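Since the structure is predicted, the reported quantities are computational estimates derived from the model, not experimental observations.
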There are 2 protein chains.
Amino acid sequence: MEERTEDRRDDEVVDAAALAAELAEEHPADIAEALDDEDPEVASAVLASLPRERQVEVLDLPDVDLSIDLIEALPVEEAVRLLSDMSADRVADLFRWMEEPGRSHLFARLPPDTQAELNRLLSWPEHTAGSLMTTEFVTVPSTWTVGETLRHIREIERTRETIYAIYVLDPIDHRLLKAVTLRRLIIGEPGQPILSIAPTHDPITADPMMDREDVARLISKYDLLAVPVVDEKEHVLGIVTVDDMIDAIIEEGTEDAQKFGGMEALDEPYMEIGFFDMLKKRAGWLCVLFLGEMATASAMQHFEDELERAIVLTLFIPLIMSSGGNSGSQATSLIIRALALHEIKLGDWWRVALRELPSGLVLGAILGTLGVTRITVWQLAGFHDYGEHWMLVAATVGAALIAIVTFGSMIGSMLPFVLRRLGFDPASASAPFVATFVDVTGLVIYFSVALMILHGTLL
Amino acid sequence: MEERTEDRRDDEVVDAAALAAELAEEHPADIAEALDDEDPEVASAVLASLPRERQVEVLDLPDVDLSIDLIEALPVEEAVRLLSDMSADRVADLFRWMEEPGRSHLFARLPPDTQAELNRLLSWPEHTAGSLMTTEFVTVPSTWTVGETLRHIREIERTRETIYAIYVLDPIDHRLLKAVTLRRLIIGEPGQPILSIAPTHDPITADPMMDREDVARLISKYDLLAVPVVDEKEHVLGIVTVDDMIDAIIEEGTEDAQKFGGMEALDEPYMEIGFFDMLKKRAGWLCVLFLGEMATASAMQHFEDELERAIVLTLFIPLIMSSGGNSGSQATSLIIRALALHEIKLGDWWRVALRELPSGLVLGAILGTLGVTRITVWQLAGFHDYGEHWMLVAATVGAALIAIVTFGSMIGSMLPFVLRRLGFDPASASAPFVATFVDVTGLVIYFSVALMILHGTLL
């Protein structure tokens with residue numbers, strides 16, 4: 001596919017109709033990929049030459065940027081016609097990301113009822129079930145039979161995002177009673193009442209304000225192809241489908257990874273985001289961390305006398321500080337993920353603390369042993385002279401490592417709980433954030449241990 | 001649900017039959033959750049009292065540990081009977097994680113053809129399409145009609161993991177010709193040949209050795225409910241379904257997060273993994289990082305003379321080192337994720353370098369300005385005396401920050417490419433790993449800059 005595109009580029013002549021004919025038989029996702037390699041004008045000319053059904057399929061794919069480019073390059077009447085055939089959630093996505101004045105211009109041309117529906121969908125905050133749902137789903141009254149339901153599905157199939165879940169409503173007040181899968185429908189007898197093939201349990205539903213992470217958990221836990229979003233009266237507002245959920249899970253993972261790296265989530269692919277937009281997302285946290293880390297300079301200033309008397313202590317500052325940061329980073333990544341997956345709850349903090357305290361002590365003892373060994377070997381082998389009190393220096397480094405690694409594990413594991421408790425995203429407890437926190441206190445711990453052990457000798 | 005369980009605990013008497021009756025109407029995922037709160041003996045007694053169909057549904061859920069506990073607590077004949085009704089991929093999972101001697105004992109009791117099928121499934125390496133696939137899928141010869149296919153599906157529905165994708169095979173050599181969705185089948189006329197309702201494009205397939213991340217990408221890109229796994233002769237070996245893929249994506253995210261935190265992936269929930277197993281996974285990398293960071297002590301020793309002459313330089317060592325680490329951590333998290341999502345390819349390294357170089361310079365300049373401001377303010381306000389050459393010290397700190405942040409961004413962004421090129425997982429370029437790398441070189445940069453600027457004055 002890619003090679004063919006390159007060839008066309010070389011010729012610098014693109015025959016839209018010919019390309020459309022060539023692409024028409026491909027999978028819509030592959031057509032979209034090919035269109036993405038073309039200029040928007042060429043791409044929308046190719047799109048216009050595709051069979052009607054294929055056009056809608058391409059625009060319904062999750063690549064919002066491409067769909068916006070294509071729609072905007074089309075004549076308005078054509079764009080409006082295509083929008084009316086697209087799935088409601090995708091159209092809402094387009095209008096969510098389209099820029100003015102094109103957005104208002106196009107929106108004004110839509111039929112009033114479409115406008116109203118879009119406004120309803122767009123009113124839900126980003127990343128909620130409401131903002132992810134689509135309004136094209138299949139409902140039938142509970143008085144129908146399997147045969148009636150199948151006939152109904154055959155008639156309306158084209159206009160529904162999924163027909164694999166059928167929602168059975170109370171015929172009077174339209175409350176959601178049961179969710180029936182197409183699978184069960186297929187194996188039922190035409191004369192059977194639809195309720196007789198419904199599962200015994202209540203339907204699994206989502207609230208429109210539910211966070212997408214929680215919706216994903218529902219879909220994953222109950223192996224659903226779609227989850228209905230219902231209001232407080234148990235009326236179905238829309239459905240969130242499994243394919244939208246996969247995209248949401250992947251996006252959520254990217255956001256968490258970037259936050260954990262110590263920056264704001266980019267919200268756009270690395271190569272596509274503007275240079276200064278990216279800088280803004282990185283510079284903010286970097287400055288905050290820098291200002292926090294300035295406390296290390298203050299701590300060092302406080303201990304300047306000790307430093308001058310025992311310059312040998314400075315040699316191990318980076319080693320000791322980084323060990324605290326590393327153990328903290330490990331603990332944080334563990335707890336953030338466990339909280340995100342609901343493996344542990346806010347109230348479990350003390351259980352975690354009871355695990356991290358001994359973990360930190362053991363890990364600290366391991367590193368402390370390594371540190372003492374290193375100083376001893378270097379001293380005895382004559383690689384470096386740590387002075388007459390080298391044993392005490394080694395003891396200081398060893399003891400400080402135990403204290404700091406334990407402290408790092410505790411801070412790293414408790415910080416996500418504190419952030420969650422204060423209403424922040426635990427994922428903001430980034431590796432650099434924890435490291436900064438531990439660096440400052442680590443220095444104080446190191447010098448305090450040094451004062452205790454070296455008092456009367458070096459200090 | 002949880003509360004009810006607590007109540008039962010208090011009574012310390014659990015009537016398995018009564019509990020089974022109470023649970024029978026619940027969703028299998030909720031039944032599993034309730035069983036997970038009981039002792040294995042009680043849980044398997046409850047399971048045995050559930051309707052047959054519900055038993056299989058509960059065991060087919062992705063919670064392998066629970067299923068193993070339940071199966072092992074059952075009489076062998078009962079266990080074998082249930083295993084034969086479960087989906088093949090889940091049974092393979094059980095035998096993959098079950099411990100000896102129970103595993104061999106149970107395996108020997110299975111019918112020979114089940115053993116052969118399991119051995120085939122178990123032969124694929126972990127995390128490949130082959131290890132995730134199940135062998136219960138629907139195939140029909142291309143000579144059939146829509147009506148014949150539907151009738152066939154009705155007959156075999158119970159024994160198939162999914163019936164939402166139907167694979168159309170060449171009647172002679174059984175090659176996969178097309179994949180037809182149940183949706184298209186439903187709206188077709190019974191007399192139509194099955195091939196006439198197939199999509200024009202070739203079926204999307206996976207290779208059995210394909211990594212689960214790539215399978216997830218296929219399913220997400222093409223919005224599939226299942227992807228067929230085919231051998232080189234285009235015979236369908238099995239299918240990977242979307243619900244298994246969601247679990248795999250979430251697991252992959254957890255592994256990457258833990259690796260980025262600077263440790264081995266736990267592979268088990270935080271609260272469930274044994275204390276010493278967890279320590280092992282954390283201690284390894286912590287020791288490696290510690291040994292790497294020891295180079296900072298060597299670097300400091302190398303510059304000990306300079307340190308003694310200009311003790312003021314030591315004050316800013318933690319600040320400068322951490323800034324390099326933080327900018328490196330940002331760049332790494334960006335690139336690891338972009339590589340994982342295939343937003344960038346291995347060959348794009350120079351494009352990334354061309355973005356990171358100016359990014360690093362600008363971010364470094366911002367932090368450098370903050371650093372110089374801090375020293376100037378502290379000096380002029382009389383908070384601390386940095387000596388008569390404080391302006392030169394400030395210039396050293398500022399220049400070093402620009403150099404180190406730029407260096408950190410470059411190292412952080414290039415390391416994932418280098419690791420990928422060498423055949424390692426780019427996610428191993430953890431925040432602590434990058435920080436360690438940058439710490440050592442950062443010290444050398446700092447002292448080199450200091451020697452240049454302070455030569456003849458302080459040094």
Side-chain angles (χ1 to χ4, degrees), chain A residues 25-27 29 154 157 163 183 187 200-201 220-223 242-243 246 249 253-254 257-258 261-263 269-271 279 282-283 286 289-290 293-294 296-297 300-301 307-308 311 314-316 318-319 321-323 326 329-330 333-334 337-338 343-344 362-363 366-367 370 384 431-432 439, chain B residues 25-27 29 154 157 163 183 187 200-201 220-223 242-243 246 249 253-254 257-258 261-263 269-271 279 282-283 286 289-290 293 296-297 300-301 307-308 311 314-316 318-319 321-323 326 329-330 333-334 337-338 343-344 362-363 366-367 370 374 384 431-432 439:
Chain A
E25 310 264 285
E26 304 269 353
H27 191 287
R154 286 210 184 88
E157 184 270 339
I163 60 163
R183 178 169 189 160
I187 57 165
T200 50
H201 59 81
S220 155
K221 176 176 174 187
Y222 294 106
D223 276 357
V242 68
D243 52 305
I246 290 190
I249 294 172
T254 305
Q258 291 172 352
M263 55 185 301
Y270 175 79
M271 290 310 272
L279 276 191
R282 290 165 73 164
L286 217 49
L289 293 168
F290 187 80
E293 193 77 24
M294 273 188 183
T296 58
M300 299 281 280
Q301 280 159 214
L307 279 175
E308 273 187 75
I311 197 91
T314 62
L315 303 182
F316 304 103
L319 182 61
M321 278 177 34
S322 69
S323 299
N326 292 345
S329 158
Q330 286 191 342
S333 70
L334 280 177
R337 196 65 195 170
E343 286 174 9
I344 48 179
V362 176
L363 292 172
I366 295 173
L367 296 195
L370 282 179
H384 192 82
D439 279 356
Chain B
E25 309 264 286
E26 305 269 352
H27 191 287
R154 285 208 186 90
E157 185 271 341
I163 60 163
R183 178 168 189 158
I187 56 166
T200 49
H201 59 81
S220 156
K221 176 176 173 186
Y222 294 106
D223 275 357
V242 68
D243 51 303
I246 289 189
I249 294 172
T254 304
Q258 291 173 351
M263 55 184 302
Y270 174 79
M271 289 309 272
L279 275 191
R282 290 164 74 164
L286 217 49
L289 293 168
F290 188 81
E293 193 78 23
T296 58
M300 299 281 280
Q301 280 161 211
L307 278 175
E308 273 187 77
I311 198 92
T314 61
L315 303 182
F316 304 104
L319 183 61
M321 277 178 33
S322 70
S323 300
N326 292 347
S329 158
Q330 287 191 340
S333 71
L334 280 177
R337 197 66 195 170
E343 286 173 10
I344 48 179
V362 175
L363 293 172
I366 294 172
L367 295 195
L370 284 178
R374 144 89 198 221
H384 193 83
D439 280 356

>> Measuring only between side-chain heavy atoms, which start at C-beta, is A:M263 closer than 4.5 Å to B:L334?
In response: yes

> Do you know which of A:L286, A:I187, A:D243 has the most heavy-atom pairs under 4.5 Å to chain B?
Replying inline: A:L286

> In terms of heavy-atom pairs under 4.5 Å with chain B, which of A:L279, A:T254, A:D223 leads?
Replying inline: A:T254

> So which of B:R374, B:E25, B:M321, B:Q330 has the largest heavy-atom pair count under 4.5 angstrom toward chain A?
Replying inline: B:Q330

>> Measuring from atom CE of A:M271 to atom CD1 of B:I344, what distance do you get when rounded to the nearest 0.5 angstrom?
In response: 7.0 Å

> Where does A:R282 contact chain B at under 4.5 Å (heavy atoms): side chain, backbone, both or neither?
Replying inline: both

> Looking at CD of A:Q301 and OG1 of B:T314, how far apart are the two atoms once the value is rounded to the nearest 0.5 Å?
Replying inline: 9.5 Å

> Given the options A:L367, A:V362, A:L307, which has more heavy-atom pairs under 4.5 Å with chain B than any of the others?
Replying inline: A:L367

> Looking at B:E308, B:E343, B:R154, B:H384, which makes the most heavy-atom pairs under 4.5 Å with chain A?
Replying inline: B:H384

> Which atoms of A:F316 come close to chain B, meaning under 4.5 Å heavy atom to heavy atom: side chain ones, backbone ones, both, or neither?
Replying inline: side chain

> Of all heavy-atom pairs between B:S322 and A:E293, which one has the smallest distance, and what is that distance?
Replying inline: OG-CG, 2.9 Å

> Roughly how far, to the nearest 0.5 Å, is the CE atom of A:M300 from the CG atom of B:L315?
Replying inline: 6.0 Å

>> I need the minimum non-hydrogen distance between A:G261 and B:S329, along with the two atoms involved.
In response: O-OG, 2.9 Å

> Would you call B:I246 and A:V242 a side-chain contact if the rule is heavy atoms closer than 4.5 Å?
Replying inline: yes

> Of all residues at least two apart in sequence or in a different chain, which pass the ring pair (Phe, Tyr, Trp, His ring centres under 6.0 Å) check with B:H27?
Replying inline: A:H201, A:Y222

> For the candidates A:L370, A:I249, A:L289, which exhibits the highest count of non-hydrogen atom pairs separated by less than 4.5 Å from chain B?
Replying inline: A:L370

>> If I take atom CZ from residue B:R183 and atom CD1 from residue A:I163, how far apart are they, to the nearest 0.5 angstrom?
In response: 5.0 Å

> Non-hydrogen atoms of chain A under 4.5 Å away: do they reach the side chain of B:A297, the backbone, both or neither?
Replying inline: both

>> Is A:A257 in contact with chain B via its backbone, its side chain, both, or neither, using a 4.5 Å heavy-atom distance?
In response: both

> Is it the side chain or the backbone of A:I366 that comes within 4.5 Å of chain B heavy atoms, both, or neither?
Replying inline: side chain

> Checking A:A283 against chain B: side chain, backbone, both or neither under 4.5 Å from a heavy atom?
Replying inline: both

> Can you say whether A:D439 sits under 4.5 Å from chain B via the side chain, the backbone, both, or neither, judging by heavy atoms?
Replying inline: side chain

